[in-house]
Number of protein chains: 2
Amino acid sequence: MKAGADIATDMETTGGRQDTKEVILDAAEKLFAEKTYSAVSLRELTQAAGVNLAAVNYHFGSKDALLIALFRRGAIELNRARARLLREAEERAGGGTPPVREIVAALVLPAIRYSFTSTRLALYNQFVAFARGDGPAEAREMLDKEVGHLQRFALSLARALPHLPQHEVYWRLHFAMGVQHSLYTDMKRLETLSGGLCQLDDLEAVAARVIDYVTAGLEAPYTAKG
Amino acid sequence: MKAGADIATDMETTGGRQDTKEVILDAAEKLFAEKTYSAVSLRELTQAAGVNLAAVNYHFGSKDALLIALFRRGAIELNRARARLLREAEERAGGGTPPVREIVAALVLPAIRYSFTSTRLALYNQFVAFARGDGPAEAREMLDKEVGHLQRFALSLARALPHLPQHEVYWRLHFAMGVQHSLYTDMKRLETLSGGLCQLDDLEAVAARVIDYVTAGLEAPYTAKG
DNA sequence: CATTGACTTAAACGCTTGTTTGAAATTAGC
DNA sequence: GCTAATTTCAAACAAGCGTTTAAGTCAATG
């Protein structure tokens, strides 16, 4: 009676439309980002997706499992894009260390790009923070695995900024993630603050802005104390 | 039967202990930040606070009203501290424009300080983002009023960075808020990433770090496109 | 000492939640 | 074109939610 909700990570295998699952994921991504995981009811979600109430439990097993599947889809895609850009930058440097600005671009561009090119994964960052306290334990474990991917960037940055102690590199990378985060969080506040002057419309311009800012922060002089 | 939950903003007036309200606010602040507004039930909250289930509705009127009261308490305190530091910096500049670094310090220090000195308001920033989509409409309106306080900083920064177009100042101020935000969000990830090397322990060191980073970002060269 | 008011308490309220069910509809394999 | 597996559907489920109620406690007041 029950369908295996775990195994079916593959796509075209079952000949079936595989449509409903994607529709649900897209709607969940949108709503979870707009509100909160626990603030979105399955009735609201399924209605927005145009599917039956029971569809979520049938295809994913539970609401929690839906969140995990959603997070997995987003994380895999984002990390893959980041890793690719970083690898390309390293190859461009011919075995040497790429300049800070290019490492930053590899870190930041995929997230910005996805946030523009629409729906899927668009608001990935926004629920990372909440998943930590709100979501199921399995989601939290996945977040920790996420850290592994950031390590590559920490390493690359440490090599490009040899005058900085290691822990300072970690801190500044952390701040960089915060800046990235701000692209999905509180954009409404920025729009209000600027009287509509600032908006997420021109991808290139926004990307350049973020990269300028983050690069400057990473390259800031180190006024050490402790 | 019902007590006025609106008027009693004063403190020592009623002779009564005024204890329960504060206990509830403190517990709510902690839990709402750890999880999410809608993920914390009143039963969980009142049990953590050690008060009766009905206490929230009696003292605040509703769960929504509790959130608003909580936000108000935090926002007032934080904005007051920021405004005072900015005013002092401006006085120190003798009517002129304070250096960027001092404006940044005025913006950033209060939040960092509160995050160390404990409980009250400690996690203020963390629920700002969520309140926008999750919380009641009244909370969202308060967030918009919040913007007014940031305008003072935008103005001051624009004067200190006259070569930047106005909208760029807004963007960079927005990023600065994101960096600040990262102090409350994803700290667990930073600890994991750094293998425990980076932690929120030394206030002065963390403050210097944040100010360095944000100042450098604000003063970054402007590579304009659009 | 009785009375008033603010506060606390346990129990219950109606309602929404995530989930399950069993039958109907759809699709694939032969 | 039949069979069997898969997917959809409306209805119901128990559990948990925010909220209300009415009786209870306690301190201060007249």
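The basis for the numbers below is simple: all heavy atoms, side chains too, and nothing from hydrogens, waters or symmetry mates. Residue numbers start from 1 in every chain, and the chains themselves are labelled A, B, ... in the order their sequence lines are given, proteins ahead of strands. In this text, all values refer to a predicted model and were calculated from it rather than measured experimentally.
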For DNA chain D, what dot-bracket results from Watson-Crick or G-U pairs at under 3.5 Å, with [ ] for crossers and | for inter-strand partners?
..||||||||||||||||||||||||||||
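- Between the side chain of A:Tyr37 and the backbone N or O of A:Asp64, at least one donor-acceptor pair lies under 3.5 Å.
- Following rounding to the nearest Å, A:Tyr58 (OH) and C:dA23 (C1') show an atom-to-atom distance of 14 Å.
- Screening residues 42-53 of chain B for side chain to side chain donor-acceptor pair (under 3.5 Å), with sequence neighbours left out, gives B:Lys35-B:Glu44.
- Taking atom NE2 of residue B:His59 and atom P of nucleotide D:dG18, one finds them 18 Å apart after rounding to whole Å.
- In this structure, the side chain of B:Arg82 does not engage the main chain of B:Ala106 through any donor-acceptor pair within 3.5 Å.
- Using cut-offs of 30° and 60° for the angle between ring planes, the B:Trp171 and B:Phe175 rings count as tilted.
- Ranked by how close their nearest DNA chain D nucleotide is to the 5' end, A:Ala55 and B:Ser62 are led by A:Ala55.
- Proximity of a side-chain donor or acceptor of B:Gln151 to a complementary backbone N or O of A:Leu193 within less than 3.5 Å is detected.
- Contact check, B:Asn57 against D:dT19: a side-chain N or O comes under 4.0 Å of OP1 or OP2.
- What separates CD of B:Gln47 from P of C:dT8 is a distance of 17 Å, to the nearest Å.
- At least one side-chain heavy atom of B:Leu25 sits under 4.5 Å from a side-chain heavy atom of B:Leu66.
- As a whole-Å value, the separation of B:Lys63 NZ from D:dG18 C1' is 8 Å.
- The CD1-C1' distance, from B:Ile24 to C:dT9, rounds to 14 Å in whole Å.
- The distance between atom CG of B:Leu67 and atom C1' of D:dT19, rounded to the nearest whole Å, is 17 Å.
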So which protein N/O to nucleotides 10-13 of chain D N/O distances come out below 3.5 Å?
none

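- Put simply, the side chain of B:Glu90 reaches to within 4.5 Å of the side chain of B:Ser156, judged on heavy atoms.
- Listed pair A:Thr20 / D:dT8 meets the phosphate criterion, a side-chain N or O lying under 4.0 Å from OP1 or OP2.
- In this structure the side chain of A:Arg189 reaches within 4.5 angstrom of the side chain of B:Leu150, judged on heavy atoms.
- When distances run from any side-chain atom of B:Ser41 to the nucleotides D:dT19, D:dT6, D:dG18, the shortest one goes to D:dG18.
- One can place CG of B:Leu42 at 16 Å from C1' of C:dA12, the figure rounded to the nearest angstrom.
- In this structure a side-chain-to-backbone donor-acceptor pair under 3.5 Å is present from A:His174 to B:Ser182.
- The separation between A:Asp19 atom CG and C:dT27 atom P is 12 Å, rounded to whole Å.
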